[in-house]
K.L.:
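One structure follows; several queries about it will come next.
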Amino acid sequence: MLLLLPLLFKGILCHGPGTGATRVLAPHHPATEEPPTFRLLEIYSFANQTWQQTESSGWLGELQTHRWDPVSGTIQFLWPWAGGNFSKEELKNIQALLQLYIHSFPLEVQAFSSQFQLEYPFEIQVSGGCGMHSGKDPETFLNAAYQGSDFLSFQDSSWKPSPGAGSQAQNVCKMLNHYRVIKEVVQGLLSNTLPRFLSGLLQGGKSDLERQVKPQAWVTKGSSPGPGRLLLVCHVSGFHPKPVWVMWMRGQQEQRGTQLGEVLPNADGTWYLQVTLDVVAGQASGLYCRVKHSSLGGRDIIIHWDGYPISLILICLAVAVTLVTVLVVGSWIKQHSSNQSLCSPHAPSPAAPTDGNTQEPRGSGNHLCLAQRSWIKNKLLKKWKKSLYQL
Ligand SMILES: *[C@@H]1O[C@H](CO)[C@@H](O)[C@H](O)[C@H]1NC(C)=O
Ligand SMILES: *[C@@H]1O[C@H](CO)[C@@H](O)[C@H](O)[C@H]1NC(C)=O
């Protein structure tokens with residue numbers, strides 16, 4: 001048991017007691033949020049005239065819903081509801097269209113690379129999608145970036161160069177605008193197919209999008225920021241949805257030096273955040289990391305830097321005290337029962353000669369003594385078991 005304690009300390013997830021003054025979670029609370037946007041992302045990397053690579057994926061808000069498998073040329077649906085309410089037939093048609101597009105687009109780019117003075121290596125990113133806004137028409141978009149900067153977009157049924165993208169983008173748009181059929185297909189996808197697809201996704205994915213998963217939190221020491229200084233790191237992981245509030249605190253005081261990392265995705269669709277504080281080594285005591293999240297229902301997680309959560313400390317203290325008590329009382333009982341002084345102080349020593357009369361009271365006294373001992377033992381044992389159980 002005692003050997004297990006350090007392990008428990010290390011590994012336990014520390015859900016601290018909530019305090020009375022629960023603040024409302026930051027402005028980004030899910031209740032009032034617009035439904036998420038659906039977007040298709042494509043990244044085309046061109047190393048030279050003959051080598052290119054394409055990555056393509058679908059995203060509902062922050063959640064990846066689709067992947068393009070370039071080997072089989074098929075859409076991979078990452079959730080049971082990722083087909084929206086589209087029929088198999090319709091999904092097949094979309095897949096065929098994507099096959100054609102993902103295959104031919106890079107070839108076209110290669111063919112036109114010298115005419116438009118594209119310099120290897122270069123990267124083209126395309127983002128197209130649709131967002132729903134309460135009470136308004138769905139908002140659609142299709143943008144392309146060249147070397148990480150805005151290049152052109154599709155607006156009002158034609159291709160427009162992005163501001164600042166220069167003559168290169170103007171020339172590309174001029175050429176693209178000659179292809180009337182392509183513009184019609186793109187317009188149809190944006191104004192009809194995508195909004196229909198999105199509403200099916202939002203219906204099917206509702207429970208996964210809105211699921212509440214509690215964070216786990218722990219603290220570690222980061223690599224020292226300098227002599228005599230400590231970097232306290234609070235890790236918060238496995239939570240959903242993404243909005244979270246994490247702060248290093250002392251008492252009720254938020255520590256201004258708290259540095260928030262970027263909220264990063266875990267592989268299972270939950271999130272991870274690291275929050276650090278650089279302090280003078282002697283002043284770390286009393287600091288704690290506080291986590292607020294919609295899944296916690298106002299019961300903030302509190303992790304103390306130089307200790308463990310109060311509840312855990314109390315439980316362990318109780319166990320330790322009880323153990324010591326059991327040992328002390330146990331040995332005391334043992335000691336005293338061996339010379340019988342506990343229950344029958346007037347009893348003669350076992351070696352002394354006895355007759356029938358003196359035997360009687362001594363026997364009942366012994367009985368009482370045994371009962372008392374087992375009562376104490378039982379009581380302590382129960383208490384001890386209870387403490388263990390709480391652990
Ligand atoms: C094109 O780039 C690829 C990947 O970097 C490289 O393996 C290949 O040798 C290059 N081909 C030419 C013709 O430069
Ligand atoms: C899918 O749902 C949307 C919105 O409810 C609806 O407009 C559409 O007709 C449904 N079916 C298909 C096949 O798009």
Side-chain angles (χ1 to χ4, degrees), residues 30 33-40 42-61 63-66 68-71 73-126 128-142 145-148 154 157 184-211:
E33 254 181 19
E34 295 280 359
T37 294
F38 177 69
R39 35 166 70 78
L40 285 168
E42 274 130 38
I43 304 171
Y44 301 94
S45 310
F46 298 86
N48 49 46
Q49 279 279 352
T50 54
W51 193 95
Q52 78 260 340
Q53 181 179 285
T54 305
E55 270 178 71
S56 196
S57 54
W59 299 79
L60 186 55
L63 191 67
Q64 186 174 3
T65 48
H66 303 85
W68 181 259
D69 180 3
V71 178
T74 54
I75 304 170
Q76 297 191 330
F77 298 90
L78 305 183
W79 297 88
W81 42 264
N85 63 352
F86 279 18
S87 63
K88 272 213 173 91
E89 195 61 31
E90 195 160 9
L91 290 174
K92 235 175 162 178
N93 290 339
I94 290 172
Q95 184 169 283
L97 188 65
L98 283 172
Q99 272 168 1
L100 185 68
Y101 162 67
I102 289 175
H103 174 73
S104 45
F105 178 77
L107 299 180
E108 294 295 324
V109 172
Q110 293 285 28
F112 283 96
S113 64
S114 58
Q115 183 182 334
F116 294 114
Q117 288 145 25
L118 307 176
E119 281 174 32
Y120 294 98
F122 62 88
E123 199 161 84
I124 295 176
Q125 292 158 290
V126 179
C130 171
M132 295 286 186
H133 299 284
S134 39
K136 283 189 238 164
D137 283 342
E139 194 173 285
T140 58
F141 56 89
L142 178 55
Y146 171 65
Q147 300 293 49
F154 189 80
S157 305
E184 281 170 9
V185 170
V186 169
Q187 183 61 33
L189 285 173
L190 287 179
S191 62
N192 178 347
T193 316
L194 271 173
R196 274 193 303 122
F197 188 62
L198 174 58
S199 50
L201 278 188
L202 290 175
Q203 277 166 25
K206 195 170 162 51
S207 60
D208 281 311
L209 287 169
E210 291 175 2
R211 81 202 147 112

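Counting starts at 1 for both ligands and their atoms, following the listed order. Below, each value reflects all heavy atoms present in this structure, side chains not excepted, and no hydrogens, waters or symmetry copies. Starting from 1, each residue takes its place in the sequence as its number.
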K.L.:
Would Asp208 and Trp81 count as having a side-chain donor-acceptor pair, cut-off 3.5 Å?
P.N.:
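There is such a pair between these side chains.
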
K.L.:
Under the 3.5 angstrom rule, does the side chain of Gln99 hit a backbone N or O of Gly73 as a donor-acceptor pair?
P.N.:
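Yes, because the side chain of Gln99 sits within donor-acceptor range (under 3.5 Å) of the backbone of Gly73.
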
K.L.:
Using a strict 4.0 Å cut-off to heavy atoms of Asn85, name the atoms of ligand 2 that fall inside it.
P.N.:
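Reading through ligand 2 atom by atom, the close ones are 1 (C), 2 (O), 3 (C), 8 (C), 10 (C), 11 (N), 12 (C), 13 (C), 14 (O).
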
K.L.:
Identify, by atom number and element, the atoms of ligand 2 in contact range of Phe86, meaning under 4.0 Å from any of its heavy atoms.
P.N.:
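Atoms satisfying the 4.0 Å criterion: 14 (O).
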
K.L.:
Return the orientation label for the Phe122 and Phe46 ring planes: parallel under 30°, perpendicular over 60°, tilted otherwise.
P.N.:
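Phe122 and Phe46: parallel rings.
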
K.L.:
For atom 2 (O) of ligand 1, is the nearest protein heavy atom closer than 4.0 Å?
P.N.:
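Looking at atom 2 (O) of ligand 1, one finds that a protein heavy atom does lie closer than 4.0 Å.
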
K.L.:
Does one side chain, of Gln52 or Tyr120, offer a donor that lies under 3.5 Å from an acceptor on the other?
P.N.:
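No, no side-chain donor-acceptor contact under 3.5 Å.
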
K.L.:
Quick check against the 3.5 Å criterion: does His66 have a side-chain atom that pairs as donor or acceptor with the backbone of Ile75?
P.N.:
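Flag not set: sc His66 to bb Ile75 has no pair under 3.5 Å.
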
K.L.:
Yes or no, since that's all I need: does a protein heavy atom fall within a distance strictly under 4.0 Å of atom 11 (N) of ligand 1?
P.N.:
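Yes, at least one protein heavy atom sits under 4.0 Å from atom 11 (N) of ligand 1.
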
K.L.:
Does Arg196, backbone or side chain, put an N or O under 3.5 Å from an N or O of ligand 2?
P.N.:
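N/O-N/O distance below 3.5 Å exists for this pair.
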
K.L.:
Ignoring angles and geometry beyond distance, decide whether Glu90 reaches within less than 3.5 Å of ligand 2 through its nitrogen or oxygen atoms.
P.N.:
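Glu90 vs ligand 2: no N/O contact under 3.5 Å.
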
K.L.:
For atom 6 (C) of ligand 1, what is the closest protein heavy atom, and at what distance to 0.1 Å?
P.N.:
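Answer for atom 6 (C) of ligand 1: Asn48 ND2, 4.1 Å.
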
K.L.:
Specify the protein heavy atom at minimum distance from atom 4 (C) of ligand 2: its residue, its atom name, and the distance to 0.1 Å.
P.N.:
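Residue, atom and distance for the closest contact: Ser199 OG, 3.2 Å.
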
K.L.:
Starting from atom 5 (O) of ligand 2, locate the nearest protein heavy atom and write down its residue, its atom name and how far away it is, to 0.1 Å.
P.N.:
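Here the closest protein heavy atom is Gln203 NE2, 3.7 Å.
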
K.L.:
Identify the two heavy atoms, one from Gly58 and one from Leu40, that lie closest to each other, and give their separation to 0.1 Å.
P.N.:
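Gly58 and Leu40 have their closest heavy atoms at CA-CD2, 4.1 Å.
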
K.L.:
Can you classify the ring geometry of Phe105 versus Tyr44 as parallel (below 30°), tilted (30 to 60°) or perpendicular (above 60°)?
P.N.:
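Tilted.
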
K.L.:
Would you say NE2 of His133 has more than 12 non-hydrogen atoms from neighbouring residues, nucleotides or ligands within 6.0 angstrom?
P.N.:
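Count over threshold, so yes.
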
K.L.:
How close does the nearest protein non-hydrogen atom get to atom 13 (C) of ligand 1, and which residue and atom is it?
P.N.:
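Of every protein heavy atom, Thr50 OG1, 4.0 Å lies nearest to atom 13 (C) of ligand 1.
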
K.L.:
What protein heavy atom is closest to atom 7 (O) of ligand 1, reported as residue, atom name and distance in Å?
P.N.:
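Scanning the protein heavy atoms, the shortest distance from atom 7 (O) of ligand 1 goes to Trp51 CD1, 4.9 Å.
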
